[in-house]
**Q** 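Sending over a structure as structure tokens; questions will come in a sec.
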Number of protein chains: 2
Amino acid sequence: MARRTGGIRRERAGESPEETRRAILRTAQRLFMEQGYRAISTRQIAAACGLTQPALYHHFADKEELYVAVLLDNLDEVHAGLERIAARGGDVAEKLRQVVGYLPGSRQDLTQMFHDIQHELRPEDSRRLYEAFEASMIAPLASIFADGLRLGALRSPERGGVDAVTAAYLLLHLLQYQAGGGKAELSGSRWTAHRAEIIVGLMLRGLAEPGYVGLEG
Amino acid sequence: MARRTGGIRRERAGESPEETRRAILRTAQRLFMEQGYRAISTRQIAAACGLTQPALYHHFADKEELYVAVLLDNLDEVHAGLERIAARGGDVAEKLRQVVGYLPGSRQDLTQMFHDIQHELRPEDSRRLYEAFEASMIAPLASIFADGLRLGALRSPERGGVDAVTAAYLLLHLLQYQAGGGKAELSGSRWTAHRAEIIVGLMLRGLAEPGYVGLEG
DNA sequence: CCTACCGATCGGTAGG
DNA sequence: CCTACCGATCGGTAGG
């Protein structure tokens with residue numbers, strides 16, 4: 001990419017353009033995920049990187065391209081983590097516990113992301129990101145549930161269960177659960193384990209007593 | 001409120017200030033719920049009401065006060081609906097089915113609302129709305145689950161279940177579920193009934209086969 | 001990667 | 001409830 005002849009010197013901090021680009025991506029990821037696309041200005045991102053705002057446009061064509069790059073980066077990382085979990089041994093319950101423990105740590109505010117995809121982006125970017133979301137998150141989660149269905153651990157749709165893709169979406173919604181609706185922001189491994197047990201317990205056994213009836217199917 | 005003497009005439013459309021205020025609230029509710037607080041400008045709201053933008057400030061002190069009024073109105077309406085369902089007869093499963101059928105129709109985009117409460121409002125408004133949310137939505141839902149726990153239809157926390165408030169939060173997360181993650185936007189009563197059965201089935205029975213083990217508690 | 005600057009739009013105010 | 005307007009901030013560009 002860069003010409004070798006002469007060696008391009010960089011006077012300021014010794015950072016290459018690639019390092020600057022990565023610093024912008026890292027900073028923008030944090031800000032966008034915390035506040036959303038619209039609430040974060042290009043000037044805020046630049047200032048947090050120690051740059052002026054027009055400098056951003058040397059690395060990204062416009063604000064939306066930067067945001068798309070941030071989201072695709074996020075989805076790639078999450079995809080790798082989920083595939084790793086799906087490939088490991090263990091039964092459905094154990095894999096789900098690991099998924100629940102893994103996803104909240106991955107700086108992914110799905111709620112925020114979906115709002116922006118649906119409301120702030122150009123249609124072609126919206127489509128592209130939705131496809132990346134399905135490939136990176138829905139597909140690996142659905143493969144875990146498909147295993148459970150195949151092995152007979154989960155009820156098939158004919159027996160009152162749901163298909164693997166539906167199960168993946170339901171799990172993603174439950175993953176939004178934090179104690180007190182996100183108000184208290186408890187943390188620590190004890191809470192993390194408790195939360196995992198609540199979500200996995202609901203997903204697999206539900207809340208009713210075994211003898212309870214009142215459901216069709 | 002208005003003085004009687006002489007009779008205040010209104011030349012334009014015969015609408016009283018109260019009617020104008022209600023029209024603003026109705027219009028703002030639709031726009032804010034669809035797009036979010038930040039994405040909707042006071043000029044858009046005014047134009048949709050057939051007013052100029054400064055006219056809004058005759059009825060509301062500022063944009064945030066209008067938004068708070070919109071959210072409190074919404075929560076009041078939802079509260080009435082949920083209390084009605086909670087007070088009716090029927091077991092837990094039937095009440096939950098009615099809740100699931102009722103809530104999506106109530107123009108409440110919880111995701112949007114929570115984002116704005118957490119990120120866009122002054123702390124005192126944020127606190128006030130969170131309390132209204134707990135009183136209007138969590139409390140009636142928790143009372144349904146508390147009934148189920150008391151009657152022995154639901155597992156107590158000691159038996160691997162969850163408390164009533166936690167159950168209310170989990171249900172609210174599941175209510176965000178729409179086919180395909182909100183992409184396809186299916187509708188019709190057949191889909192509504194199917195969705196209710198999926199969510200209530202998951203809440204009460206989970207997805208595992210009855211004989212499946214691998215869970216603690 | 002900087003300084004300087006553009007037009008557009010924002011929430012809100014003045015004054016009638 | 002209007003016209004007229006304010007200062008602030010937005011995303012993005014020119015030119016070096």
Side-chain angles (χ1 to χ4, degrees), chain A residues 1-3 6-28 31-32 35-71 116 119-122 125, chain B residues 1-3 7-28 31-32 35-70 116 119-122 125:
Chain A
M1 264 173 208
R3 283 183 286 152
I8 298 165
R9 264 173 289 149
R10 210 153 295 283
E11 297 184 351
R12 302 179 58 76
E15 294 190 44
S16 70
E18 292 80 19
E19 283 170 327
T20 302
R21 189 191 148 95
R22 294 188 63 82
I24 294 170
L25 273 173
R26 222 174 26 240
T27 303
L31 295 173
F32 280 140
Q35 313 239 53
Y37 181 67
R38 211 164 180 116
I40 295 297
S41 72
T42 52
R43 280 166 178 84
Q44 285 176 275
I45 297 168
C49 301
L51 297 173
T52 58
Q53 180 242 14
L56 294 182
Y57 291 81
H58 182 69
H59 301 276
F60 300 93
D62 57 22
K63 186 189 182 186
E64 179 161 332
E65 187 184 292
L66 167 58
Y67 188 52
V68 170
V70 162
L71 293 181
D116 293 336
H119 292 103
E120 313 282 5
L121 302 188
R122 294 185 284 261
D125 286 326
Chain B
M1 268 172 204
R3 283 183 288 152
I8 298 163
R9 265 172 289 150
R10 212 154 295 282
E11 298 185 352
R12 301 180 59 75
E15 295 190 43
S16 71
E18 292 80 18
E19 283 169 328
T20 302
R21 188 191 148 95
R22 295 189 61 82
I24 294 170
L25 273 173
R26 221 175 25 243
T27 304
L31 295 174
F32 280 139
Q35 312 240 52
Y37 181 66
R38 210 164 181 115
I40 295 297
S41 72
T42 52
R43 280 167 177 84
Q44 284 177 275
I45 297 168
C49 300
L51 298 173
T52 58
Q53 181 244 15
L56 295 183
Y57 291 81
H58 182 68
H59 301 275
F60 300 92
D62 56 23
K63 187 189 181 186
E64 179 160 333
E65 186 184 291
L66 168 58
Y67 188 51
V68 170
V70 162
D116 293 336
H119 293 103
E120 313 281 6
L121 302 188
R122 294 184 283 262
D125 286 328

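Just so we're on the same page: letters track the sequence lines, and every chain starts at 1.
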**Q** Check the pair B:L51 / B:I45 against side-chain contact (heavy atoms from CB on, under 4.5 Å), numbers first and verdict last.
**A** CA-CA 8 Å; B:L51 298 173; B:I45 297 168; over 6 Å; no
**Q** Which nucleotide wins on minimum distance to the side chain of A:T20, given the candidates C:dC1, C:dG12, C:dC2?
**A**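 Selected nucleotide: C:dC1.
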**Q** Output the pairing pattern of DNA chain D as a dot-bracket string, 5' first, Watson-Crick or G-U wobble with both distances under 3.5 Å, | for cross-strand pairs, [ ] for crossing pairs.
**A** ||||||||||||||||
**Q** Can you check the B:Q53 CD to D:dC1 C1' distance for me, whole Å?
**A**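 Between C1' of D:dC1 and CD of B:Q53: 13 Å.
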**Q** Nearest to the A:R43 side chain among C:dC1, D:dC2, D:dG12, which nucleotide is it?
**A**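 For the A:R43 side chain, the nearest candidate turns out to be D:dG12.
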**Q** With a 4.0 Å cut-off on heavy atoms, is B:S41 in touch with a base, just the backbone sugar-phosphate, or nothing at all?
**A**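 Sugar-phosphate: the residue B:S41, judged by heavy atoms under 4.0 Å, touches backbone atoms but no base.
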**Q** Please answer whether the main-chain N or O of B:D62 pairs with a side-chain N or O of B:E65 as donor and acceptor at a distance below 3.5 Å.
**A**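 No; zero donor-acceptor contacts below 3.5 Å.
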**Q** Looking at the side chain of B:Y57, which of C:dC1, C:dG12, D:dC1 is the nearest nucleotide?
**A**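 Closest of the options to the side chain of B:Y57: C:dG12.
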**Q** Which nucleotide wins on minimum distance to the side chain of A:H59, given the candidates C:dC2, C:dC1, D:dG11?
**A**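 The answer is C:dC1.
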**Q** Separation of A:E19 atom CD from C:dC1 atom C1', in whole Å?
**A**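 Going from CD in A:E19 over to C1' in C:dC1 covers 16 Å.
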**Q** Does A:L121 offer a backbone N or O that forms a donor-acceptor pair with the side chain of A:E64 under 3.5 Å?
**A**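 Absent.
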**Q** Roughly, in whole Å, what's the span from OH in B:Y37 to P in C:dC10?
**A**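 In whole Å, C:dC10 P lies 13 Å from B:Y37 OH.
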**Q** State the NE2-CZ distance between A:H119 and A:R38, to the nearest 0.5 angstrom.
**A**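 CZ of A:R38 is found 10.5 Å from NE2 of A:H119.
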**Q** Taking atom P of D:dG16 as reference, at what distance in whole Å does atom NE2 of A:H58 sit?
**A**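 From A:H58 NE2 to D:dG16 P: 18 Å.
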**Q** So B:I40, base contact, sugar-phosphate only, or nothing? Heavy-atom distance under 4.0 Å.
**A**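 Sugar-phosphate contact only - B:I40 comes under 4.0 Å of backbone atoms but never of a base.
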**Q** Return the value, rounded to whole Å, for the distance between atom CD of A:E120 and atom P of D:dC10.
**A**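 Nearest whole value for this atom pair: 15 Å.
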**Q** Quickly work out the A:R38 CZ to D:dT9 P distance and round it to whole Å.
**A**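 Whole-Å distance recorded here is 18 Å.
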**Q** If you round to the nearest 0.5 Å, how far is NZ of B:K63 from CD of B:E120?
**A**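 Atom-to-atom, B:E120:CD and B:K63:NZ are 8.0 Å apart.
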**Q** For A:F32 and D:dG11, give me the distance from atom CZ to atom C1', rounded to whole Å.
**A**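 Distance check: A:F32 CZ to D:dG11 C1' gives 12 Å.
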**Q** Ring-plane angle category for B:F32 and B:Y67, please: parallel below 30°, perpendicular beyond 60°, tilted otherwise.
**A**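 It falls in the perpendicular class, over 60°.
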**Q** How is B:L66 classified with respect to the nucleic acid when contacts are heavy atoms under 4.0 Å: base, sugar-phosphate, or nothing?
**A**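 The residue B:L66 makes no contact with any strand.
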**Q** Rounded to the nearest 0.5 Å, how far does CZ of A:R26 lie from CD1 of A:I24?
**A**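 A:I24 atom CD1 to A:R26 atom CZ measures 10.5 Å (nearest 0.5 Å).
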**Q** Could you check how far CD of A:E64 sits from C1' of D:dG12, rounded to whole Å?
**A**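 Checked: the CD to C1' distance equals 14 Å.
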**Q** Considering only heavy atoms from C-beta outward, does the side chain of B:F60 approach that of B:L25 to under 4.5 Å?
**A**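 Yes, close enough: below the 4.5 Å cut-off.
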**Q** When you measure from the side chain of A:L51, which nucleotide among C:dC1, C:dG12, C:dA4 comes out closest?
**A**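 That would be C:dC1.
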**Q** Hey, which sits more toward the 5' end of DNA chain D by its nearest nucleotide, A:Q44 or A:A61?
**A**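 The answer here is A:Q44.
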**Q** From the set C:dC1, D:dG11, D:dA4, return the single nucleotide nearest to any side-chain atom of A:T42.
**A**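 My answer, after comparing the listed nucleotides, is D:dG11.
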